[in-house]
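One structure is given here, and the rest of the page talks about it.
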Number of protein chains: 2
Amino acid sequence: MYNKNMDKRISEKVINRLTLYHCILQDYIESGTEYISSKQIATLLHIDDSQVRKDINILNKSGKSRVGYIVKELKKSIETTLGFSKTKKAYIIGAGNLGMALAKYDNFTSYGLNIISLFDNDKNKIGGTINDKEILDINTLPKFTQEHGVEIAILTVPGKYAQQTADFIIKANIKYIWNFTPTVLNVPDDVQVWNENLMGNFLQFTYNI
Amino acid sequence: MYNKNMDKRISEKVINRLTLYHCILQDYIESGTEYISSKQIATLLHIDDSQVRKDINILNKSGKSRVGYIVKELKKSIETTLGFSKTKKAYIIGAGNLGMALAKYDNFTSYGLNIISLFDNDKNKIGGTINDKEILDINTLPKFTQEHGVEIAILTVPGKYAQQTADFIIKANIKYIWNFTPTVLNVPDDVQVWNENLMGNFLQFTYNI
């Protein structure tokens, strides 16, 4: 699951908070607000002001001025620090409800994830487009992967097909799998899997309800 | 975001791992295997055997025998410990691709989350059903909430409608919001929000790609 060799320069929790700040800054830009204080971010997220300031200090240039942080600069700092500017190509395997939902999620692009197509084996879906992305025949995946140099696959097929699909895309040279299926994949050591463990995440939330 | 008064009896990371083990055990049951060792779980997840054993020791009854853990008993232990047996009612707001995908996610039920309906304002969707759940008119939500005693809402509306929708369901007495929208919600202190921060999660993974 986790590559032990990963350089954990920034902890997972900080990465998570920084993306939430980025979300807020996006809203502020859309509403035309120029400045934001750490206190405003903290209040929206129900966290401590000092935590926000600590996180922001990790960024190289945070654009702090007398009246607060300059929204556009702070947003850019987060993008640079989290590596958004390095756009990474990806494709979605499985054009079902979840695959289509992810294909429509425009936020990914602002986070450096460029989803360039979807793949499916359903003849009724192949050839369609969603959010300007084409749904391609899964049999063309190996050639496509090579031609476009894609390394990241987002897996949204039914659980019972997850392992065989993973085997297929790994054979086509995929190195990173964002796994939305409710199964744990068996992969070689040079392939990294991120289990989008929706229930695990939610249970952290509801455990004490 | 996080309720500081939450009793963190089990850490978030352990909860996450336990749900992954639960996934694996489900697969083992489906393939008819009776026993599993911590080493088998560890190998599948590319983590240490000792970590798995440490996690399992947290459970009350792990069903360990000479030949390994009894799969069905271990699965039940995890369910009891993580509170799956306490079923919690929830509904989905927004019957778009993401809402429909979540409605079809049968795993939720085994984790104690009982999604009983969806709500939307689109007349073309209202009255439809997905996975035996009805898509209802959002205007009927307050009455429905009261009649069924629902406390958890899963929010999958477009970002620009997120805040007003949250205000509406909070007024109808929703206390827990699983937020799939790419915005940060402004909520009163007695309401808890879990931001399903897909990009934040994924960035923890791709940060070092």
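Chain letters run A, B, ... following the sequence lines, proteins first and then strands; every chain starts at 1.
Neither the backbone nor the side chain of A:Val14 comes within contact range of chain B; no heavy atoms are under 4.5 Å apart. In this structure, chain B has a heavy atom under 4.5 Å from the side chain of A:Asp27, while its backbone stays farther away. Residue A:Ile41 does not touch chain B at all, counting heavy-atom pairs closer than 4.5 Å. At a 4.5 Å heavy-atom cutoff, the contact between B:Phe180 and chain A is made by backbone and side-chain atoms alike. Residue A:Lys175 does not touch chain B at all, counting heavy-atom pairs closer than 4.5 Å.
Residue A:Glu134 places its CD atom among more than 12 non-hydrogen atoms of other residues, nucleotides or ligands, all under 6.0 Å distant. For B:Tyr161, the OH atom is loosely surrounded, since the number of other residues' heavy atoms within 6.0 Å does not exceed 12. Under a cut-off of 6.0 angstrom, the local environment of CG in B:Asp132 is sparse, with at most 12 non-hydrogen atoms contributed by other residues, nucleotides or ligands.
Across A:Thr156, A:Thr19, A:Ile24, the residue that shares the most heavy-atom pairs under 4.5 angstrom with chain B is A:Thr19. Listed options B:Pro182, B:Cys23, B:Gly99 were ranked by heavy-atom pairs under 4.5 angstrom with chain A; first place goes to B:Pro182. Of the residues considered (A:Leu18, A:Thr43, A:Leu113), A:Leu113 shows the highest number of contacts with chain B, using heavy-atom pairs under 4.5 Å.
Between B:Leu20 and A:Asn195 the shortest side-chain heavy-atom distance falls below 4.5 Å. At least one side-chain heavy atom of A:Glu196 sits under 4.5 Å from a side-chain heavy atom of B:Glu196.
One finds the CG atom of A:Leu102 at 7.5 Å from the CG atom of B:Leu98 (value rounded to the nearest 0.5 Å). Here the OG1 atom belonging to B:Thr183 is positioned 11.5 Å from the CD atom belonging to A:Gln26, to the nearest 0.5 angstrom. Annotation: the span from B:Tyr105 atom OH to A:Thr181 atom OG1 amounts to 7.0 Å, rounded to 0.5 Å. Here the straight-line distance linking atom CG of A:Leu44 with atom CG of B:Leu185 works out to 9.5 Å at 0.5 Å rounding.
Under a 3.5 Å cut-off, the side chain of B:His46 and the backbone N or O of A:Val193 do not form any donor-acceptor pair.
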